[in-house]
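Working notes, structure below.
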Amino acid sequence: MPKFHGKIGYVIPTETSPGVWEEVIVEREYFGDVVKNTRGLQSANQVNDNVIISNEISIVADPFANENFHAIRYVEFMDSKWKVSNITVSYPRLVMAVGGLYNG
């Protein structure tokens, strides 16, 4: 099973001034395993097809990850940021399913 080491991006609402809230991205580094590693192409009305990966990445979650798993938006994998489409909590791990590229 391949190993994973990379950053995970959380979107945390933060009050920047009284009554004004902005979404701030917080990145944290994690270690884990690549449970499933697949790639596909999605045809679109454009010249080039979109690359879609359907990987599952399992990390050992720290207290921050367990409390904020709902705020996870992307995972850095293969030098790109990929959207997290689904998260399964199986303590002490989080298993994240990733899909297309993150454009946030």
Side-chain angles (χ1 to χ4, degrees):
M1 182 179 316
K3 298 296 180 187
F4 167 79
H5 174 256
K7 294 180 182 177
I8 295 178
Y10 297 83
V11 175
I12 307 293
T14 306
E15 190 171 18
T16 56
S17 61
V20 178
W21 291 81
E22 291 184 8
E23 291 184 337
V24 176
I25 294 180
V26 176
E27 290 186 335
R28 295 179 64 113
E29 289 193 24
Y30 291 94
F31 291 92
D33 300 311
V34 178
V35 179
K36 182 174 143 186
N37 194 9
T38 59
R39 176 198 69 83
L41 294 174
Q42 181 182 34
S43 297
N45 293 335
Q46 47 193 353
V47 176
N48 298 323
D49 292 338
N50 294 325
V51 174
I52 302 294
I53 63 171
S54 299
N55 294 352
E56 287 186 358
I57 297 173
S58 173
I59 62 164
V60 178
D62 60 3
F64 182 84
N66 278 326
E67 293 171 10
N68 296 291
F69 72 90
H70 61 278
I72 294 175
R73 292 294 187 268
Y74 66 84
V75 171
E76 276 191 16
F77 182 66
M78 298 185 305
D79 297 327
S80 296
K81 294 179 181 176
W82 299 90
K83 289 186 276 190
V84 174
S85 59
N86 190 18
I87 299 173
T88 304
V89 178
S90 29
Y91 188 80
R93 293 186 163 268
L94 294 178
V95 180
M96 297 170 288
V98 297
L101 287 170
Y102 177 76
N103 295 321

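If you're wondering where the values come from, they're calculated on a predicted model, not measured in any experiment.
The heavy-atom pair separating E67 from H70 by the smallest distance is O-CE1, 3.4 Å. In this structure, E15 and W21 approach most closely via the heavy-atom pair N-CE3, 3.4 Å. Smallest separation of non-hydrogen atoms from S58 and R93: OG-NH1, 2.9 Å. Annotation for Y30 and D62: closest pair OH-OD1, 3.0 Å, computed over non-hydrogen atoms.
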### Message
Pair Y74, K83 - check side-chain contact (heavy atoms from CB on, under 4.5 Å), show working.
### Response
CA-CA 5 Å; Y74 66 84; K83 289 186 276 190; 5.9 Å; no
### Task
Apply side-chain contact (heavy atoms from CB on, under 4.5 Å) to the pair T88 and E56, showing each step before the final yes or no.
CA-CA 10 Å; T88 304; E56 287 186 358; over 6 Å; no
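L94 CG to I57 CD1: the interatomic distance, rounded to the nearest 0.5 Å, is 12.0 Å.
Of the residues N55, D33, I59, V35, the one that meets the side chain to side chain contact (heavy atoms under 4.5 Å, CB included) test with F4 is I59. Each of T14, I8, N68, I12 was compared with V26 under the side chain to side chain contact (heavy atoms under 4.5 Å, CB included) criterion, and only I12 meets it.
Under a hydrophobic-cluster definition in which Ile, Leu, Val, Met, Phe, Trp and Tyr are linked whenever side-chain heavy atoms come within less than 4.5 Å, directly or via other members, M78 and M96 are assigned to the same cluster. V89 and F64 fall within a single hydrophobic cluster, where Ile, Leu, Val, Met, Phe, Trp and Tyr are joined by side-chain heavy atoms under 4.5 Å apart, directly or via other members. A continuous path of ILVMFWY side-chain contacts below 4.5 Å connects I72 to V34, so both sit in one hydrophobic cluster. Under the 4.5 Å side-chain contact rule for hydrophobic residues, F69 and Y10 share a cluster. A continuous path of ILVMFWY side-chain contacts below 4.5 Å connects W82 to I87, so both sit in one hydrophobic cluster.
No side-chain N or O of E76 forms a donor-acceptor pair with one of Y102 less than 3.5 Å apart.
Judged by distance alone, with hydrogens and angles left aside, the side-chain atoms of S85 form a donor-acceptor pair with the main-chain N or O of A97 at under 3.5 Å.
Environment of CD in E27: crowded, with over 12 heavy atoms of neighbouring residues, nucleotides or ligands closer than 6.0 Å.
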